[in-house]
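Every chain is numbered from 1, with letters handed out A, B, ... down the list of sequences. Fair warning: this is a prediction, and the values are worked out from it, not measured in the lab.
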Protein chains: 2
Amino acid sequence: MDGNKNSVIRLLKYKTILLRFRILGFKRVFSENLADAAGFNSTQVRKDFSLFGISGYRRGGYQIDELLCKLNSILGKDVLQKAVIVGAGHIGTALMKYKSFESEGIQITAAFDVDPEKINREGNIPVYPFDELKDFVRNNNIKIGILAVTEVFAQEVFDTMVSAGIKGVLNFAPFKLKGSSETFINNVDLLGELEKVIYFVKSAESRLKGSK
Amino acid sequence: MDGNKNSVIRLLKYKTILLRFRILGFKRVFSENLADAAGFNSTQVRKDFSLFGISGYRRGGYQIDELLCKLNSILGKDVLQKAVIVGAGHIGTALMKYKSFESEGIQITAAFDVDPEKINREGNIPVYPFDELKDFVRNNNIKIGILAVTEVFAQEVFDTMVSAGIKGVLNFAPFKLKGSSETFINNVDLLGELEKVIYFVKSAESRLKGSK
DNA sequence: TAGATTGTTAATCGATTAACAATC
DNA sequence: TAGATTGTTAATCGATTAACAATC
């Protein structure tokens with residue numbers, strides 16, 4: 001029904017590309033154009049559309065406006081999305097200031113931290129004590145949370161978030177959170193991603209040396 | 001030969017877990033223990049080891065010290081890894097201060113930016129003008145780079161990094177970099193990851209509403 | 001019509017998991 | 001020995017890609 005996880009990310013990418021195409025004055029695209037811009041192949045593009053019931057015009061490609069309209073209704077980006085950040089450390093703070101969120105209609109409404117020094121109620125994006133998380137999330141009906149605390153507190157903080165009503169978490173702590181199937185967890189492991197790069201560079205190096 | 005991409009990440013995770021187990025005084029583990037701690041299943045663990053030629057003792061599990069030794073030699077984490085960050089914006093700065101890198105033997109030796117205001121040659125991790133990137137990377141024989149500039153400059157900056165000798169890039173710009181097969185590129189799309197969370201929360205919501 | 005492009009079915013590829021034989 | 005755990009082969013699952021019929 002809703003395709004697979006990866007296709008959603010690709011759909012989001014198509015949307016970004018289409019917006020750019022439209023600015024350039026294009027009225028329609030072919031799957032081939034989209035594929036080129038996104039770095040996939042055209043079958044992938046058509047398959048993704050097919051999965052979500054999006055259709056174009058045989059020989060005529062896709063009307064950009066029509067396609068954007070359909071993508072928006074699928075991705076639900078018409079409404080402003082509110083999210084909170086828990087943990088106002090380096091990563092948390094960087095994400096508070098991350099421009100791309102805002103420009104894509106995602107509003108970071110507040111951040112939370114246990115450290116009294118981090119509290120700043122008057123900021124552009126206010127930082128409140130962690131104690132206030134539960135009430136804030138409930139009162140503002142927030143569903144999305146970004147978890148940027150250290151590993152040690154991750155599970156505890158996560159449980160609090162869930163009990164307050166958070167339904168989806170982007171987790172930066174290098175820890176496998178235990179949650180029910182009702183909460184969607186997406187893990188970003190920055191250290192792991194960097195270590196992957198290091199590993200592949202090293203293994204390429206040693207392959208080279210080995211073949212000498 | 002070197003397994004698949006995901007298995008490397010898992011290997012890194014096993015290592016972290018083993019170090020923790022060792023601190024707790026354990027001498028050996030079973031694949032089941034590792035799987036529990038990592039959130040995989042025990043077949044996955046054994047398969048990963050098998051892929052890299054790591055063997056244990058039937059009925060006896062794995063000697064932690066021996067296993068760590070093998071993992072270290074495969075992952076090559078014995079040597080200190082040096083890396084540079086290009087782009088001292090919010091994300092770049094957060095990564096400069098990211099503790100987990102250091103504790104895993106990854107040293108961020110310098111950052112680079114075009115903005116004169118960001119330059120700080122005396123910092124704990126110095127920030128140099130972008131112009132000096134090429135010489136620095138060459139002189140210090142750096143192979144790993146973190147790309148944290150805006151989309152618009154991403155390709156240009158990437159090309160400079162590669163021509164300076166960078167062999168692996170962790171890319172935070174939401175842009176499909178074009179590079180040769182000699183350079184390993186790992187993309188981290190923070191906006192995309194958050195949008196994925198939003199999408200799945202929304203679709204779960206509408207499923208609930210639909211079934212009411 | 002002829003040609004181009006979509007939309008879908010089938011084939012392929014890769015990764016995970018199940019099953020189980022080997023063996024300590 | 002009996003029981004437990006590894007290590008590997010085969011089955012499964014899911015996602016991508018190729019092939020091609022439909023059709024504008």
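Contact annotation: B:Arg10 side-chain N/O to C:dT16 OP1/OP2 distance is under 4.0 Å.
When all heavy atoms of A:Tyr62 and A:Ser31 are compared, the pair lying nearest together is CE1-N, 4.0 Å. Closest heavy-atom contact between A:Ile146 and A:Ile108: CD1-CD1, 4.1 Å. Listed here is the closest heavy atom pair of A:Ile74 and B:Tyr199: O-CE1, 3.5 Å. When every heavy atom of B:Val149 is checked against every heavy atom of B:Val86, the shortest pair comes out as CG1-O, 3.5 Å.
Contacts of residues 184-191 of chain A with DNA chain D (heavy atom under 4.0 Å): none. Listed in residue order, the members of residues 28-41 of chain B having a heavy atom less than 4.0 Å from DNA chain D are B:Phe30, B:Ser31.
For residues 79-105 of chain A, the ring-ring contact (aromatic ring centres under 6.0 Å, His included) pairs, not counting sequence neighbours, are A:Tyr98-A:Phe101. Pairs of residues two or more places apart, or lying in two chains, that qualify as side-chain hydrogen bond (donor to acceptor under 3.5 Å, both in side chains) and include a residue from residues 141-159 of chain B are A:Arg20-B:Glu151, B:Asn141-B:Lys143, B:Gln155-B:Asp159.
Nucleotide C:dC24 holds its C1' atom 14 Å from the CD atom of B:Gln63, rounded to whole Å. Atom CG in A:Asn6 sits roughly 13 Å away from atom P in C:dA15 (whole-Å rounding). Rounded to whole angstrom, the span from the CG atom of B:Leu11 across to the P atom of C:dA15 amounts to 14 Å. Across the protein-nucleic acid pair, A:Lys70 atom NZ and C:dT6 atom P stand 13 Å apart, rounded to whole Å. For A:Leu51 and D:dA15, the CG to P distance is 9 Å, given to the nearest whole Å. In this structure, B:Gln44 places its CD atom 6 Å from C1' of C:dT16, rounding to the nearest Å. Between the CZ atom of A:Phe49 and the C1' atom of C:dT5 there is a distance of 14 Å, rounded to whole Å. Rounded to a whole Å, the OH atom of A:Tyr62 is 14 Å from the C1' atom of D:dC24.
With sequence neighbours left out, the side-chain hydrogen bond (donor to acceptor under 3.5 Å, both in side chains) criterion links A:Asn186 to B:Glu193. Evaluation of the ring-ring contact (aromatic ring centres under 6.0 Å, His included) rule for A:Phe175 yields no partner, not counting sequence neighbours. Not counting sequence neighbours, the partners of B:Phe184 by the ring-ring contact (aromatic ring centres under 6.0 Å, His included) test are A:Phe200. Legend: residues meeting side-chain hydrogen bond (donor to acceptor under 3.5 Å, both in side chains) with B:Tyr14, ordered by chain and number and at least two apart, are B:Asp48. In this structure B:Asn6 satisfies the side chain to side chain contact (heavy atoms under 4.5 Å, CB included) test together with B:Asn4, B:Arg10, sequence neighbours excluded. In this structure A:Asn41 satisfies the side-chain hydrogen bond (donor to acceptor under 3.5 Å, both in side chains) test with no other residue, sequence neighbours excluded.
When atom types are taken as modelled, the side chain of B:Thr93 and the backbone of B:Ala88 share a donor-acceptor pair closer than 3.5 angstrom.
Contact annotation for B:Gly60: no contact, since no heavy-atom pair falls under 4.0 Å across all strands. Using a 4.0 Å heavy-atom criterion, one finds that B:Ser55 contacts the sugar-phosphate atoms exclusively.
In this structure, A:Phe153 has its ring center no closer than 6.0 Å to that of A:Phe158.
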Give me the distances for all protein-to-nucleotides 8-14 of chain D N/O pairs that come in under 3.5 Å?
residue	atom	partner	partner atom	Å
D:dT8	OP2	B:Ser50	OG	3.2

- prompt: Given the rule that a pair is Watson-Crick or G-U wobble with both distances under 3.5 Å, how would you write DNA chain C in dot-bracket, using | for pairs to a different strand?
  reply: ..||||||||||||||||||||||
